[in-house]
Amino acid sequence: MPETGTPPASSDIVIIGGGIVGSAAAYFLAKKGAKPTLIEKGQIAGEQSGRNWGFVRQQGRDPLEIPLIREGIEIWAGFTEALGADIEFRRTGNLAIADTEELMAIYRSWLPLAQRFGVDTRLLDSNELAKLLPAMEPRFVGGLYTPSDGQADPVKATTAIARKAAELDATIVTNCAVRGIRAPGGVIESVETEKGIIRTPRVLVAAGSWSARLLRPLGLSLPQLVIRATVAQTTPAAKELTPTGIWGPSLGTRQRIDRSFNVAAGILTDYDIVLDSLRYAHLYWPNFRLNRKNFQLHLGMPMLNSIQRMFQPEAQYERQYEKTRAWDPTPNPDLVNMAMKALGHLFPDAANLQVARRWAGAIDVMPDAIPVLGNVDKPKGLMIATGLSGHGFAMGPIIGKQMAELAADGKTTHDIHGFRFSRFAEGAMQGARSIL
Ligand SMILES: Cc1cc2nc3c(=O)[nH]c(=O)nc-3n(C[C@H](O)[C@H](O)[C@H](O)COP(=O)(O)OP(=O)(O)OC[C@H]3O[C@@H](n4cnc5c(N)ncnc54)[C@H](O)[C@@H]3O)c2cc1C
């Protein structure tokens, strides 16, 4: 990767964060002939974008996201050629399995959206499901299936996008934390990094689960919370057991090209209560009440750390980013066991597979489960693309493209008004509408 350890003295635009969103924004800007600078405190794809399951799906999404992901999936389909890299993208479909009629009814409720936006999603009954997955033993009520969905390798895809951006003349600086965004008089003037100051009129915050902390000193209150999600990779199976990515009962899984599986215990996650949990409780309460059973709550050091951060002197607060080059939460062994059991139950031929590796990632979420995208009123020159709420690997490329258009042309192809930062302060936030 043609990257540098030294930031330039000035840049037309500084992108903070080398996840899939920041990397894609750099790539699409560079494609337009701009010369963006991307600053990453650790390595490209070091956090969420390199730790996710690898599902690239349209199905189940919030109606606001569907037009974007419709174009997004076509970008994915052309990436192998455009990036000149093997990112293991395959259009293998995505399947959500229902074990109850209630769940089937929820899946059915998404079909009108699929029809409205031309997504090839359909319901499968029990027999069709068994036909699609002959290696699966238990019988289920049915499922929601989108053949045009796909999967890709998270690290390979994100680094290939950043690499191509660099080839097209973007400057990629890694191991360099941004300490603060300077905007005297309400206008972006510079970005201060641990390795020097970059003068710039425009900044894109694509800092994943660190975005709220970066924005707070600017007086911007982003209601972003962070959950811990555990994943494991198994040893390879003897043969292909599923071509498609699967959301099953207590299981999210896909079989990789080497026939190993990525497995996770569905949407079961850990949540550390912090000061922001209380600050934004009113926004999260409706969604939390519905999904309470999916979270294991923890009260401990993260809460104390968040209190301490509130009273830290500015210079110390600004050094927090370089202390954690990559947020590497401890995986929850119970969730790994649960996922392995669920995989073995689904596919008896996978029952003897072992855990080859396990990891966890910190997912940044928003109360309405859709991201914050676009300019803010103040400071002038600041753009945000964050809060992708656990399904942003698939959305990263199209969001990066929208941010590149906004920065270069002042407007976007897709309507991103519904994702505006001000929706929370305006009281215009809707309830979460994605079903997966
Ligand atoms: C376990 C797990 C499973 C998931 N499964 C899926 C899936 O199957 N499909 C899907 O679509 N999505 C999935 N997601 C969600 C998806 O991974 C994220 O939504 C997406 O990667 C977010 O990308 P990002 O670029 O916004 O953030 P990130 O990838 O987190 O990137 C942000 C970057 O900013 C850097 N940064 C932060 N602060 C600073 C600073 N001060 N200075 C410099 N750099 C900074 C960080 O180091 C980080 O590299 C999953 C996530 C996890 C954790």
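Both counts, for ligands and for their atoms, begin at 1 and track the order of listing.
- The atoms of ligand 1 that sit less than 4.0 Å from any heavy atom of Ala177 are 42 (N).
- Those atoms of ligand 1 that come under 4.0 Å of a heavy atom in Ile363, given as number and element, are 51 (C), 52 (C), 53 (C).
- Using a 30° and 60° split on the angle between ring planes, Phe89 and Trp76 fall in the parallel class, below 30°.
- Near Tyr321, with a cut-off below 4.0 Å to any heavy atom, the atoms of ligand 1 are 41 (N).
- Within the 4.5 Å cutoff, the side chain of Ile66 has no heavy atoms near those of the Gln58 side chain.
- Taking only non-hydrogen atoms, the option from Gly252, Ser209, Gly17, Gly392 nearest to atom 20 (C) of ligand 1 is Gly392.
- At a heavy-atom cutoff of 4.0 Å, ligand 1 is contacted by the side chain of Trp210 but not by its backbone.
- Residue Ile39 approaches ligand 1 through these ligand atoms, each under 4.0 Å from one of its heavy atoms: 43 (C), 44 (N).
- A heavy-atom distance below 4.5 Å is found between the side chains of Phe295 and Ile227.
- For Asn52, heavy-atom contacts with ligand 1 shorter than 4.0 Å involve the backbone as well as the side chain.
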Can you list, pair by pair, the side-chain donor-acceptor contacts under 3.5 Å of residues 204-215, counting residues two or more places apart and other chains?
| from | atom 1 | to | atom 2 | distance (Å) |
| --- | --- | --- | --- | --- |
| Trp210 | NE1 | Glu47 | OE1 | 2.9 |
| Trp210 | NE1 | Glu47 | OE2 | 3.2 |
| Ser211 | OG | Ala207 | N | 3.3 |
| Ser211 | OG | Gly208 | N | 3.3 |
| Ser211 | OG | Gly208 | O | 2.8 |
| Ser211 | OG | Thr386 | OG1 | 2.8 |
| Arg213 | NH1 | Gln320 | OE1 | 2.6 |

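- Of the listed residues (Val178, Val226, Val205), the one carrying the non-hydrogen atom nearest atom 41 (N) of ligand 1 is Val178.
- Within a 6.0 Å sphere centred on NZ of Lys341, other residues, nucleotides and ligands contribute 12 heavy atoms or fewer.
- The shortest heavy-atom contact between Leu129 and Phe140 is CD2-CB, 3.7 Å.
- With atom 27 (O) of ligand 1 as the reference point, the heavy atom nearest to it among Ser211, Gly208, Ala264 is part of Gly208.
- Numbered from 1 in the order shown, with element, the atoms of ligand 1 that lie under 4.0 Å from a heavy atom of Phe55 read 7 (C), 8 (O), 9 (N), 10 (C), 11 (O).
- The shortest separation from a heavy atom of Val231 to ligand 1 is under 4.0 Å, placing the residue in contact.
- Under the 4.0 Å criterion applied to side-chain N and carboxylate O atoms, Arg91 and Glu74 are assigned as salt-bridge partners.
- Close N/O approach between Arg61 and ligand 1 is not found [any backbone or side-chain N/O within under 3.5 Å].
- Counting only heavy atoms from C-beta outward, the side chains of Lys380 and Pro201 never approach each other to under 4.5 Å.
- Looking at Ala45, Gly19, Ser49, Gly46 and measuring to atom 23 (O) of ligand 1, the nearest heavy atom belongs to Ser49.
- Near Arg51, meaning under 4.0 Å from one of its heavy atoms, ligand 1 places the atoms 1 (C), 2 (C).
- If you number the atoms of ligand 1 from 1 as listed, the ones under 4.0 Å from a heavy atom of Ala394 come out as 10 (C), 11 (O).
- The proximity of Ala385 to ligand 1, defined as any non-hydrogen pair under 4.0 Å, does not occur for either the backbone or the side chain.
- Taking each of Gln320, Glu40, Glu322, Met395 in turn, the one with a heavy atom nearest to atom 35 (C) of ligand 1 proves to be Glu40.
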